[in-house]
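The structure appears below as structure tokens.
Heads up: numbering here begins at 1 and tracks the sequence. The figures that follow rest on heavy atoms only: side chains count, while hydrogens, waters and symmetry mates do not. Both ligands and their constituent atoms are indexed starting at 1 by order of listing.
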Amino acid sequence: MSRKPIFAANWKMHKGPSETEDFVKSFLSKTQGKTFHAEIVIAPPFASLARLAELLHTASAGQNAHAIQIAAQNCSEYDAGAYTGEVSVLMLREFYVHYVILGHSERRSIFGETDKTINAKIHKAREANLKPIFCIGETLAEREGGNLETVLRTQITEGLRDVSEKDLAETVIAYEPVWAIGTGVTATAEQAQDAHAFVRSVIAELYGAEPAAKIRIQYGGSVKPGNAAELMACPDIDGALIGGAALEPQSFLEIIANGSATE
Ligand code: PGA
């Protein structure tokens, strides 16, 4: 089963419109003439979506610009109305957004998002034909307490509640151990592969063998140019969700190049 790896830059609350422009110009000049067997995605803050869309998806944007997809870092579970500070899925569509990161551990731990909220957002995203990048992952205490599988199983089962097989096919899962995010500590390739194989087995229990074999599962948590090849060589790892190392065009590019070369 060949799955095209997907490398997504999660900029978090970094880069306003002008820094976005600097990054994209530099990234595009570095990728000129190169092709990768990989999908490339950038998730900027909401405030930079318009500039990013202009740089990548207007008629004047170059050929390699069109190859980059845009993701949002969140969306509202509501359509419209009195929800101060929220952004709806239909608004995101106007900025050529194709993916939306949902359930990131920072949304869960800092902003109190629950499996139920995340599930509602996944359904809302699919109504607008956005593809969820659905994040799951355990804390260090959960792993050390022997609860890794229970935690992942609950997050997957609750997050994907009532999500159809058709919508699952448009979803990417990102396994991000919380203890590896922004810490410089990466899961070993073996730890990551074991967790990914487990996630795939839970999808197989819920949806059957074929959807499980098809779904892409990204690894996230301190991915860098130096560890991308080893992680991406694991059979159940299909790309990466990258924070810190995707803030620089050169290191994002090296991760993609090193990670997709092994496919
Ligand atoms: P990191 O972040 O690469 O800086 O660890 C990953 C993420 O939070 O998605």
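No donor-acceptor contact under 3.5 angstrom links the side chains of Y96 and E54, judged on distance only.
Using a 4.0 Å cut-off between a side-chain N of Lys or Arg and a carboxylate O of Asp or Glu, K121 and E113 qualify as a salt bridge. Of the charged side-chain nitrogens involved, at least one lies within less than 4.0 Å of a carboxylate oxygen, so that K124 and D79 count as a salt-bridged pair.
Between W11 and F23, the ring-plane angle classifies as perpendicular under the 30° and 60° cut-offs.
If you run side chain to side chain donor-acceptor pair (under 3.5 Å) between D238 and each of Q218, R216, R3, only R3 comes through.
Distances between N or O atoms of G244 and those of ligand 1 include at least one value under 3.5 Å. At under 3.5 Å, not a single nitrogen or oxygen of I181, backbone or side chain, sits near a nitrogen or oxygen of ligand 1.
Atom OH of Y219 and atom CD of Q191 lie 8.0 Å apart (nearest 0.5 Å).
In this structure, G182 has a heavy atom closer than 4.0 Å to ligand 1. Ligand 1 has at least one atom lying under 4.0 Å from a heavy atom of S222. Residue contacts with ligand 1: A180 is included, with a non-hydrogen atom under 4.0 Å away.
G243 N, 2.8 Å is the protein heavy atom nearest to atom 3 (O) of ligand 1.
Of all atoms in ligand 1, numbered sequentially from 1 with element shown, those under 4.0 Å from a heavy atom of G221 are 5 (O).
Of all the listed residues (Q73, E176, H104, K12), K12 holds the heavy atom that lies closest to atom 2 (O) of ligand 1.
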